[in-house]
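Here the structure is laid out as structure tokens; the discussion comes afterwards.
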Amino acid sequence: MTSVPETATTAIADLRRRLNMLSDLGNATALLHWDMETQMPPDAARVRGLQMASLDGLRHELFTGAETRSLLMAAEAQGQRGETQGSELEADLLRVTRRDFDKATKLPTHFVEALSQAQSDAHHAWIQARAGNDFAHFAPFLERILGLKRQYTELMGYQDHPYDALLDDYEPGIKTAQVRAIFADLRERTLPLLRRIVAAGDAGDYTVLTRLFPAQAQREVSLRIAAEAFGLLPGFSRLDVSAHPFQTNFSADDLRITTRFDEHYFPMSLFGTWHETGHAMYEHGVGRDLERTPLSSGASLGVHESQSRLFENLLGRSRAFWQRYFPEVAAAAPEMAAGQSAESIYRAVNRVQPSLIRVEADEVTYNFHIMLRFEIELELIEGKLEVAGLPAAWNARMQEYLGVTPPSDTEGVLQDIHWSSGLMGYFPTYSLGNLLSAQLMEAARREPAIAAEIDRAEYGLLREWLRVNVHQYGRRRTPGQIAEEATGQPLNADAYVKYLEGKYGDIYRLE
Ligand code: ZN
């Protein structure tokens with residue numbers, strides 16, 4: 001037995017053991033968070049916050065500390081000497097761990113504390129400002145966040161544009177210039193479509209959406225379809241109720257999704273549940289050889305969103321889907337379904353309507369909400385827009401893109417939690433996910449057997465295609481690599497624009 005491979009194995013194995021432990025700590029915190037949102041009695045929030053902060057702090061300390069550094073350097077040194085027997089997985093693990101480590105150690109402690117304090121203050125101010133429609137109350141806190149975010153971009157470093165450093169936290173490798181170009185193309189091609197849809201008027205009877213659909217029936221039927229159509233089985237998942245729906249998971253076989261019910265607006269829970277199912281099935285498809293390592297989660301927020309949108313919209317809001325599942329949904333909600341058909345429900349759930357609130361937006365208008373936020377964030381970071389000018393800039397763009405003007409800042413610039421939590425560079429990932437969902441769907445449909453199944457609302461082959469081309473890699477591939485390798489093209493707006501034109505041209509009978 002030669003000693004070289006043995007020591008090589010040892011260095012990587014030692015690092016991996018440490019990463020496993022850090023992953024366990026992270027999942028313990030995630031479990032506390034899930035419990036907080038779904039089960040915990042409300043008065044327990046204060047101590048729970050402290051408990052989560054302790055665990056998070058401990059994990060950060062252990063990850064950025066001297067021992068992880070020396071384990072990582074030893075493993076890298078052996079990798080460079082070619083002693084890791086060229087395992088691609090080991091190379092990927094070293095690369096991603098190094099990326100995470102460098103990012104985590106670039107920020108001085110005093111900066112992390114200042115940002116965390118500013119976020120906490122801004123969050124409280126935002127809640128008050130939103131409740132009282134008082135942007136001026138929030139403005140100085142946002143000013144502080146913005147200053148720190150500018151500092152953040154300098155500490156992290158960037159090549160072309162400071163906003164690159166913000167994007168990179170959520171969408172590794174993507175550049176501001178690329179997002180700008182993709183969005184410009186998307187805007188140019190979908191704004192005329194939106195105008196034509198609005199001019200065409202109603203394409204269905206939308207009152208069905210607010211008819212009674214009991215919560216328990218919503219829950220049962222949405223889960224049954226999530227299992228049958230999308231593969232979300234109770235053996236490795238559960239659904240709970242929370243104020244803000246989300247997906248989390250503690251391993252690839254322990255998936256938690258949440259939803260909320262409105263008995264007089266069933267799309268919220270049905271499409272919400274299928275959306276979170278898309279996120280969950282992504283995590284379920286990550287290779288088991290990546291378990292308890294930094295590689296074992298989705299590649300980025302955008303790729304994640306591509307999976308949730310694909311299930312929620314491209315499948316769940318398709319005509320074939322409703323032709324297949326209308327009888328089942330109707331049996332669960334006879335009062336809602338009285339006098340309805342697959343086609344009438346299909347039209348109702350695909351209503352296009354320019355509106356004020358992003359989270360309620362349809363497939364056509366949604367991206368305009370995102371483009372507006374992206375443009376404003378860029379101007380703020382570049383110093384072209386002052387915080388005081390935000391409401392006016394917001395309202396002007398709402399009018400330009402969607403033809404509506406918020407009657408209050410509460411329904412305008414104050415509606416999202418993101419900026420108050422220091423999340424800048426985050427919004428674009430929602431639209432990038434929308435675009436990627438259509439691009440992946442188009443690529444999958446090039447295989448005739450997959451297309452034939454999808455047209456019958458059967459998704460077994462599609463799910464397997466997604467597992468092989470997207471899910472299994474976890475973070476081993478960047479979002480850019482996933483788009484290129486799965487679809488043969490870099491991420492772009494073509495497939496999404498084509499999808500919208502085809503679908504809504506038909507529903508609204510556009511010439
Ligand atoms: Zn999502």
Side-chain angles (χ1 to χ4, degrees), residues 30 33-34 37-38 167 169-172 174 179 222-223 225-226 229-232 237-250 252 255-261 267-286 297-318 349 357-371 373-374 415-419 421 423-441 459 463 466 470-471 474-475 479 482-483 491 496 499:
H33 181 258
W34 171 83
E37 300 289 334
T38 58
L167 274 177
D169 284 350
Y170 314 109
E171 216 53 34
I174 201 156
V179 177
S222 65
L223 269 182
I225 293 173
F230 305 137
L232 186 81
S237 67
R238 57 176 287 142
L239 173 73
D240 292 86
V241 174
S242 69
H244 304 281
F246 65 97
Q247 179 269 335
T248 187
N249 62 297
F250 318 123
L255 313 168
R256 312 292 174 100
I257 62 172
T258 72
T259 195
R260 53 185 170 176
F261 297 102
M268 190 164 76
S269 88
L270 261 64
F271 293 103
T273 296
W274 298 332
H275 177 100
E276 302 306 335
T277 296
H279 285 303
M281 292 308 291
Y282 186 178
E283 295 289 333
H284 188 57
V286 171
S297 73
S300 72
L301 292 184
V303 180
H304 238 294
E305 201 64 6
S306 77
Q307 301 306 293
S308 56
R309 291 301 198 180
L310 198 151
F311 280 24
E312 173 195 359
N313 287 338
L314 278 74
L315 304 179
R317 283 188 163 91
S318 68
V349 299
I357 308 296
R358 172 184 63 86
V359 297
E360 290 163 14
D362 56 79
E363 290 180 293
V364 183
T365 57
Y366 190 92
N367 295 314
F368 291 100
H369 291 271
I370 297 304
M371 289 187 260
R373 286 157 177 78
F374 169 68
Q415 67 182 265
D416 294 308
I417 192 175
H418 299 61
W419 292 340
S421 306
L423 299 174
M424 287 188 172
Y426 187 112
F427 281 120
T429 66
Y430 293 115
S431 281
L432 298 176
N434 284 337
L435 303 186
L436 183 60
S437 72
Q439 199 170 322
L440 288 169
M441 187 72 154
Y459 308 122
R463 274 168 22 218
L466 290 169
V470 181
H471 303 172
R475 291 176 70 205
I482 287 172
L491 180 65
Y496 195 73
Y499 162 70

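Counting convention: from 1, in listed order, for ligands and their atoms alike. Keep in mind that what you see is a predicted model, and the values were worked out from it rather than measured. Values below: every heavy atom of this structure, side chains too, minus hydrogens, waters and symmetry copies.
Not one N, O or S atom of H304 sits under 2.8 Å from the Zn ion (ligand 1). Note on E305: counted as a metal contact of the Zn ion (ligand 1), an N/O/S atom lying under 2.8 Å.
The cationic group of R309 does not satisfy the cation-pi geometry with Y496, failing either the under 6.0 Å distance to the six-membered ring centre or the 45° limit from the ring axis.
Counting heavy atoms from C-beta on, the side chains of F427 and R358 come closer than 4.5 Å.
The N, O or S atom of H279 lying closest to the Zn ion (ligand 1) is NE2.
Using modelled atom types and a 3.5 Å distance limit, the side chains of H279 and E305 yield a donor-acceptor pair. For E363 and Y499, the side-chain atoms include at least one donor-acceptor pair closer than 3.5 Å.
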